[in-house]
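Everything below concerns the one structure shown next.
In what follows, residues are counted from 1 in the order of the sequence shown.
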Amino acid sequence: MAKQQVGLVGLGVMGDSLVLNMESKKFTVAVFNRTGARTKTFIEGPAAGKRIVGTYTPKELCDALERPRRILLMVKAGSPVDDVIAEFKPFLEKGDLLIDGGNSYFLDTERRTRDLAKDGLLYIGTGVSGGEEGALKGPCIMPGGSPEAYALVRDVLEKIAAQVDGPCCTYIGPGGAGHYVKMVHNGIEYGIMQCIAETYDLLQTLLRLKAAELSKIFAKWNAGDLGGYLMEITALCLARIDPESGKPLVDVILDKAGQKGTGKWTSQNALDLGVAVPTIDMAVEGRILSAFKDERVAASKVLKAARLRPPSNRTKFVRDCRDALYLAIVTCYAQGLALAREASKEYKYDLRLDEIARIWKGGCIIRSRLLDPIAAAYKKNPALANLLADRNFAKIANTRAKALRWVVGEAVKCGVPVLALGASLAYLDSYRSARLPQNLTQAQRDCFGAHTYERTDREGVFHTQWTEQPA
């Protein structure tokens with residue numbers, strides 16, 4: 001029997017969809033799942049009549065593949081990836097390639113790449129974004145590893161990727177670069193989602209708008225310059241009616257958000273590299289706070305809320321919310337890409353931010369109309385320190401900052417929490433400030449810990465005996 005071109009391990013939702021995607025692009029695929037019954041169900045169901053072969057042991061999968069073998073791993077991040085590698089390694093040969101398509105931590109990918117290289121095996125850490133639909137119809141794919149490894153699987157990845165101005169897949173960089181960029185993507189995703197949720201909350205709370213009305217507002221925004229996948233599904237979610245209760249489904253969903261860790265990793269790594277990503281940080285905090293539902297309900301009975309004062313001009317408030325959200329989303333991209341820029345230097349990834357923005361235009365969760373001007377900004381100036389420093393985006397910030405400031409101010413007066421919108425405004429205000437109050441922070445640090453300071457009027461490092469008054 002002819003050998004299959006690609007192998008896939010892990011027949012979850014994403015794995016199933018990617019297999020069907022590959023087969024639709026004329027690739028033959030052999031599949032394996034730890035639970036054999038799952039493989040049988042897939043082969044007899046969605047894969048029936050297609051050029052897809054089911055296998056039931058690691059050896060059987062490896063034997064079914066042409067050489068060098070190309071095996072895509074779609075398993076849960078962490079130890080399950082190491083377990084699968086250990087299972088398959090005895091049946092692999094020098095030059096074979098493993099592709100981790102899960103949300104693995106980028107330093108784990110670095111370790112696995114080094115370990116497998118000792119035995120002549122190739123490894124690619126590949127970020128895949130787009131959910132079930134994207135995996136089936138064309139995701140955004142972010143592969144990192146050696147150029148030699150990417151060359152082996154480029155034909156597959158670029159054909160199954162979304163196609164917007166070319167394939168939404170490009171070689172990201174060495175080692176863990178692909179998974180690093182996927183981590184940043186998810187951090188930006190957290191930030192945008194939190195900003196959208198806070199805007200929804202403001203409109204619902206201050207204007208007493210119903211879900212159906214809010215759906216129309218978000219759909220209208222999606223048709224304009226705020227257009228993007230997350231805006232599109234926001235309108236969709238708000239329009240859905242629960243068949244059991246007859247109420248808008250969003251109104252009967254418990255306000256506790258889950259997370260799988262990639263947003264947290266983004267914040268943690270930003271702290272390690274000394275890059276400010278406050279909107280992303282607050283999006284993570286927002287999900288953490290939402291988990292304390294019982295405590296929040298109890299606190300609501302003893303902590304007084306601010307008095308609600310609905311804005312007098314409802315039309316203007318909706319318009320201001322749109323402009324505020326637009327600018328907040330810009331700061332999400334700016335923070336994430338500033339982090340990627342610093343990581344590129346720290347980890348020697350040589351990231352091309354214009355190409356990263358380009359492939360994000362299709363297939364992925366954060367695709368939006370903003371990515372065209374973002375890609376153009378970094379193509380024009382690859383050394384751009386921050387997206388907000390680009391002339392086009394500086395104009396956007398200067399034009400819409402008033403709306404963001406007004407909306408955050410109204411939220412504060414009425415006691416509506418705006419963690420991410422407030423952080424976006426503070427980030428903008430801090431980044432545009434030629435002078436910040438950390439001169440006092442340095443004085444305090446020197447006073448209690450002799451940490452020294454620099455001066456504005458001459459070069460050098462200085463220390464003062466703060467408790468001793470000069471003569």
Practice task
Say whether Y431 and T331, considering side chains only, have a donor N or O and an acceptor N or O under 3.5 Å apart.
Solution key: no
Problem - Backbone of G228 reached by a side-chain donor or acceptor of N222 within 3.5 Å - result: yes
Handout entry: Any side-chain heavy-atom pair of T39 and F32 under 4.5 Å
Key = no
Exercise for the section: Assess R112 against Y123: is NZ or CZ under 6.0 Å from the centre of the six-membered ring, and within 45 degrees of the ring's axis? Expected result: no
Handout entry: Heavy-atom closest pair, residues N269 and L339
Key = OD1-CD1, 3.9 Å
Practice task
Mark yes or no for whether T170, through its side chain, and I172, through its backbone, hold a donor-acceptor pair below 3.5 Å.
Solution key: no
Problem - Distance (rounded to the nearest 0.5 Å) between L226 CG and Y326 OH - result: 7.0 Å
Completion exercise
Closest heavy-atom pair, K348 versus P174, reported as atoms and distance to 0.1 Å, is O-CG, 3.7 Å
Exercise for the section: Applying salt bridge (charged side-chain N to carboxylate O under 4.0 Å, His left out), run through E87 and R34 and close with a yes or a no. Expected result: CA-CA 10 Å; E87 285 182 306; R34 183 167 290 187; 3.0 Å; yes
Practice task
For the residue pair Q442 and Q438, confirm or rule out a side-chain donor-acceptor distance under 3.5 Å.
Solution key: no
Practice task
Decide yes or no for V153 and V156: does some side-chain heavy atom of the first lie under 4.5 Å from some side-chain heavy atom of the second?
Solution key: yes
Exercise for the section: For D100 and S104, test the side chains for any donor-to-acceptor distance below 3.5 angstrom and give the result as yes or no. Expected result: yes
Problem - Exam field: side chain Q163 to backbone A161, donor-acceptor pair closer than 3.5 Å - result: yes
Practice task
Taking only Lys NZ, Arg NE, NH1 and NH2, and the carboxylate oxygens of Asp or Glu, determine whether E213 and K210 approach each other closer than 4.0 Å.
Solution key: no
Practice task
Decide salt bridge (charged side-chain N to carboxylate O under 4.0 Å, His left out) for K402 and D320; before the verdict, give the C-alpha distance in whole Å, the side-chain angles of both, and the deciding distance to 0.1 Å.
Solution key: CA-CA 9 Å; K402 183 178 179 180; D320 284 346; over 6 Å; no
Exercise for the section: Show the numbers, then the answer: is there a side-chain contact (heavy atoms from CB on, under 4.5 Å) between D16 and R38? Expected result: CA-CA 10 Å; D16 285 7; R38 180 72 189 90; 2.2 Å; yes
Fill in the blank from the handout: In terms of heavy-atom contacts, G10 and L8 come closest through O-CD2, 3.5 Å
Exercise for the section: Considering only NZ, NE, NH1 and NH2 on the basic side and carboxylate oxygens on the acidic side, decide whether K256 and D294 come within less than 4.0 Å. Expected result: no
Exercise for the section: Output the distance between atom CG (L98) and atom OG1 (T113), rounded to the nearest 0.5 Å. Expected result: 10.0 Å
Handout entry: CD1-OG1 distance between I99 and T126, expressed to the nearest 0.5 angstrom
Key = 6.5 Å
Problem - S424 side, atom OG; Q335 side, atom CD - distance, nearest 0.5 Å - result: 6.0 Å
Practice task
To the nearest 0.5 angstrom, please state how far the CD1 atom of I188 sits from the CD1 atom of I365.
Solution key: 13.0 Å
Exercise for the section: State whether W406 and K413 meet the cation-pi test: NZ (Lys) or CZ (Arg) under 6.0 Å from the six-membered ring centroid, and within 45° of the perpendicular axis. Expected result: yes
Practice task
Mark yes or no for whether R367, through its side chain, and C364, through its backbone, hold a donor-acceptor pair below 3.5 Å.
Solution key: yes
Exercise for the section: Please step through side-chain contact (heavy atoms from CB on, under 4.5 Å) for the pair F317 and R314, ending with a clear verdict. Expected result: CA-CA 5 Å; F317 187 70; R314 295 166 65 88; 5.6 Å; no
Practice task
State whether a side-chain donor-acceptor pair under 3.5 Å links Y190 with Q194.
Solution key: no
Practice task
Indicate yes or no: at least one non-hydrogen side-chain atom of S129 is less than 4.5 angstrom from one of M142.
Solution key: yes
Exercise for the section: Please find out if less than 6.0 Å separates the ring center of Y200 from that of F218. Expected result: no
Handout entry: Pairwise side-chain contact, I356 with Y378, heavy-atom cut-off 4.5 Å (strictly under)
Key = no
Exercise for the section: Decide yes or no on side-chain contact (heavy atoms from CB on, under 4.5 Å) for V275 and E342, but give the supporting numbers first. Expected result: CA-CA 8 Å; V275 178; E342 188 62 30; 3.7 Å; yes
Exercise for the section: May I ask you to test the V407-R405 pair for a side-chain heavy-atom distance under 4.5 Å? Expected result: no
Handout entry: Whether over 12 other heavy atoms sit under 6.0 Å from D251 CG
Key = yes
Handout entry: D242-S245 side chain donor-acceptor pair, cut-off 3.5 Å
Key = yes
Handout entry: Short side-chain to backbone donor-acceptor contact, T279 and G191, under 3.5 Å
Key = no
Exercise for the section: For R358 and C168, indicate whether the former's side chain and the latter's backbone hold a donor-acceptor pair under 3.5 Å. Expected result: no
Practice task
Decide, yes or no, whether a salt bridge links D372 with R369 under the criterion of side-chain N to carboxylate O below 4.0 Å.
Solution key: no
Completion exercise
On a heavy-atom basis, the closest approach of A219 and A235 is N-CB, 3.7 Å
Problem - Validation row: L325, D323 side chains within 4.5 angstrom (heavy atoms) - result: no
Completion exercise
Heavy atoms of N386 and A334 approach each other most closely as OD1-CB, 3.7 Å
Exercise for the section: Taking all heavy atoms of V184 and all of G336, pick out the closest pair and write down the distance. Expected result: CG1-O, 3.3 Å
Problem - Side-chain donor-acceptor pair present, S290, D255, cut-off under 3.5 Å - result: no
Practice task
Identify whether the distance between the nearest side-chain nitrogen and carboxylate oxygen of E410 and R309 falls below 4.0 Å.
Solution key: no
Handout entry: Non-neighbouring partners of T399 that pass side-chain contact (heavy atoms from CB on, under 4.5 Å), sequence neighbours left out
Key = K395
Practice task
Could you tell me whether the side chain of S344 and the main chain of L351 form a donor-acceptor pair under 3.5 Å?
Solution key: yes
Handout entry: Check ion pair D354-K380 (N to O, under 4.0 angstrom)
Key = no
Practice task
Measure the spacing between CG of L238 and CG of L214 and express it to the nearest 0.5 Å.
Solution key: 6.0 Å
Practice task
Mark yes or no for whether H179, through its side chain, and P143, through its backbone, hold a donor-acceptor pair below 3.5 Å.
Solution key: no
Practice task
Determine whether L73 and F88 make a side-chain contact, defined as any pair of heavy atoms from C-beta on separated by less than 4.5 Å.
Solution key: no
Problem - Other residues, nucleotides, ligands: >12 heavy atoms within 6.0 Å of K25 NZ - result: yes
Practice task
Given side-chain hydrogen bond (donor to acceptor under 3.5 Å, both in side chains), test S267 with D281 step by step and report yes or no.
Solution key: CA-CA 6 Å; S267 290; D281 292 341; 2.6 Å; yes
Practice task
Using modelled atom types only, decide if a donor and an acceptor are shared between the side chain of T205 and the backbone of D201 within a distance under 3.5 Å.
Solution key: yes
Practice task
Report yes if some heavy atom in the side chain of L107 is under 4.5 Å from a heavy atom in the side chain of R111; otherwise report no.
Solution key: no
Handout entry: Residues D225, R322: salt bridge by 4.0 Å N-O rule
Key = no
Handout entry: Heavy atoms from other residues, nucleotides or ligands near CZ of R208 exceed 12 (cutoff 6.0 Å)
Key = no
Handout entry: Residue pair L20, I52: steps toward the side-chain contact (heavy atoms from CB on, under 4.5 Å) verdict
Key = CA-CA 9 Å; L20 296 173; I52 301 170; 4.1 Å; yes
Exercise for the section: Keeping the roles fixed (side chain from N21, backbone from I160), state whether a donor-acceptor pair exists under 3.5 Å. Expected result: yes
